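Everything on this sheet refers to the single structure shown next.
This one's a predicted model, so the numbers in the text were calculated from it and none came from an experiment. The first residue in the sequence is number 1, and the count goes up from there.
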Amino acid sequence: MSKLKNSLFLMMILSALVTVSVRGQDEKSQDEKDKSSETTDDLKTLKDIREAMSKEQSKAIQGLRGSKPGTAEYNKALANYYGVADKYADRIFALVKENPTDRVGSGMLSNLARMTRNAKIRGQAMATMLEIAKADPKSQNSFQMLMMLVTGPTSPMMKDEATNLLMQNFGDSEKMGDLAMSLTRSRPTPQNLQLLKDLLEKSSHDSVKGPATYALAKLLSGDEKTREEGMGLLKSIPEKYPDVKVYNGRMKLADMVAGEIFELENLQIGMDVPDIEGEDVDGVQFKLSDYKGKVVVIDFWGDW
């Protein structure tokens, strides 16, 4: 009987210790959450949040570099990296709405939409971008947000609304040249093709019509059914827009097109390889055609 009492007494003590331990962990966890919330709320500006996020992301990247892909440690570091965006999402939304003209906000919303793995947060980020664009429709900030929505992974309905606003408020602006160039890397969807055609029809600036022609040609030439039409547009650029420059004036569009026309006409699968001439490592002149009928490996490289 004495042994039974002692056993029961010991079990009661252990149970109490476990309860205290669990309660302590719960309280600690809640304290950490409260502390995290207070830290986030203490950030008063979008620049403050951007700096805080950058520090946390840099720390997560260090964890990625120090672990092997596929391991639990690596996956945890990856989750930490993408989790940074989710942690600050609510604060970002609040500050952007309080400061709709702050241009830092457009970049942060774009980054948030791109980085988060939470579909709800991504949708809210894009909806907020559209909301801010509507609030100040003629501003540079509005243009940047609408352009991100048009060129990004937006829902078809939201993309249509953003496209209509963009054409309505900036349809004849020279800024649309940047939009056209960004669409060269997009898919040839009906919306993208129509937008480029609208720019060609409505813009009064060669600095927009040139890039729009180029982008439309790129999208059309990627499809066997419309390749001929795309090639025709490409070949028209040097004559129609000989002096138009792109990429902030760093490159002449006609020079870019010349290289792409050569590629489409000479470097497609199934075509004969153009003959090239050069010097081997011993300084002896040679031509590619000298090796006709043999297996040849060509290594293109450069040093900048």
Side-chain angles (χ1 to χ4, degrees), residues 40 43-58 60-61 64 78-171 173-187 189 191-192 195-196 199 211 215 246-248:
T40 302
L43 299 172
K44 301 300 182 184
T45 68
L46 290 164
K47 288 183 178 180
D48 290 339
I49 292 181
R50 185 172 63 183
E51 184 177 346
M53 289 179 65
S54 179
K55 288 179 180 178
E56 291 193 35
Q57 287 165 349
S58 296
I61 289 174
L64 287 170
L78 191 64
N80 288 340
Y81 177 78
Y82 284 110
V84 172
D86 295 352
K87 174 181 175 181
Y88 291 93
D90 289 342
R91 190 63 178 145
I92 291 172
F93 294 143
L95 286 175
V96 167
K97 289 179 180 179
E98 289 175 10
N99 306 277
T101 60
D102 190 337
R103 292 181 60 183
V104 175
S106 59
M108 294 198 70
L109 286 172
S110 176
N111 289 336
L112 184 59
R114 188 177 67 253
M115 287 185 58
T116 183
R117 292 186 170 184
N118 185 314
K120 183 177 179 181
I121 292 177
R122 184 183 298 110
Q124 188 175 352
M126 292 179 175
T128 304
M129 290 166 71
L130 187 59
E131 183 180 336
I132 298 305
K134 290 178 179 179
D136 193 13
K138 301 288 186 179
S139 69
Q140 174 65 20
N141 199 34
S142 175
F143 175 77
Q144 291 294 340
M145 289 193 178
L146 290 173
M147 193 165 85
M148 291 173 195
L149 290 171
V150 169
T151 58
T154 320
S155 67
M157 186 177 295
M158 188 176 291
K159 184 168 290 191
D160 283 345
E161 187 173 1
T163 300
N164 291 336
L165 285 171
L166 199 59
M167 289 301 298
Q168 178 182 330
N169 296 318
F170 302 96
S173 168
E174 285 194 90
K175 297 176 183 178
M176 298 296 271
D178 292 336
L179 172 65
M181 288 303 293
S182 69
L183 288 173
T184 60
R185 299 181 295 275
S186 66
R187 293 183 296 111
T189 63
Q191 294 96 328
N192 289 337
L195 174 56
L196 291 168
L199 287 176
V246 292
Y247 299 128
N248 295 322

Short side-chain to backbone donor-acceptor contact, N192 and R187, under 3.5 Å: yes
- request: Give a yes or no on whether a salt bridge exists between E51 and K55, defined as a side-chain N under 4.0 angstrom from a carboxylate O.
  value: yes
- request: Might you work through the side-chain contact (heavy atoms from CB on, under 4.5 Å) test for I49 and R91, ending with a clear yes or no?
  value: CA-CA 8 Å; I49 292 181; R91 190 63 178 145; 3.3 Å; yes
- prompt: Given M147 and K175, is the side-chain contact (heavy atoms from CB on, under 4.5 Å) satisfied, shown in steps?
  reply: CA-CA 10 Å; M147 193 165 85; K175 297 176 183 178; over 6 Å; no
statement: Output for pair (R50 CZ, Y88 OH), nearest 0.5 Å, gives 14.0 Å
- prompt: Does the S110 side chain pair with the main chain of G107, one donor and one acceptor, at a distance under 3.5 Å?
  reply: no
field: Sequence neighbours excluded, every pair satisfying salt bridge (Lys or Arg N to Asp or Glu O under 4.0 Å) that has a member inside residues 144-168
entry: K134-E161
message: Rounded at 0.5 Å granularity, tell me how far CZ in F93 sits from CD1 in I132.
response: 11.0 Å
query: Is there a donor-acceptor contact under 3.5 Å from the side chain of T128 to the main chain of Q124?
result: yes
query: Do you know which of N99, L95, L46 makes side-chain contact (heavy atoms from CB on, under 4.5 Å) with V104?
result: L46
query: Got M176 and M167 here, is their nearest side-chain heavy-atom distance under 4.5 Å?
result: yes
message: The criterion is salt bridge (charged side-chain N to carboxylate O under 4.0 Å, His left out); which residues satisfy it with E56, sequence neighbours excluded?
response: K87
task: For the residue pair M126 and P153, establish whether any side-chain heavy-atom pair is separated by less than 4.5 Å.
output: yes
task: Using distance alone, with no hydrogens and no angle criterion, decide if D136 and S142 have a side-chain donor and acceptor under 3.5 Å apart.
output: no
query: Under 4.5 Å between any side-chain heavy atoms of M53 and I92, yes or no?
result: yes
- prompt: Would L130 and L165 satisfy side-chain contact (heavy atoms from CB on, under 4.5 Å), going step by step from the backbone distance to the final call?
  reply: CA-CA 9 Å; L130 187 59; L165 285 171; 3.8 Å; yes
- prompt: Would you call L183 and T151 a side-chain contact if the rule is heavy atoms closer than 4.5 Å?
  reply: yes
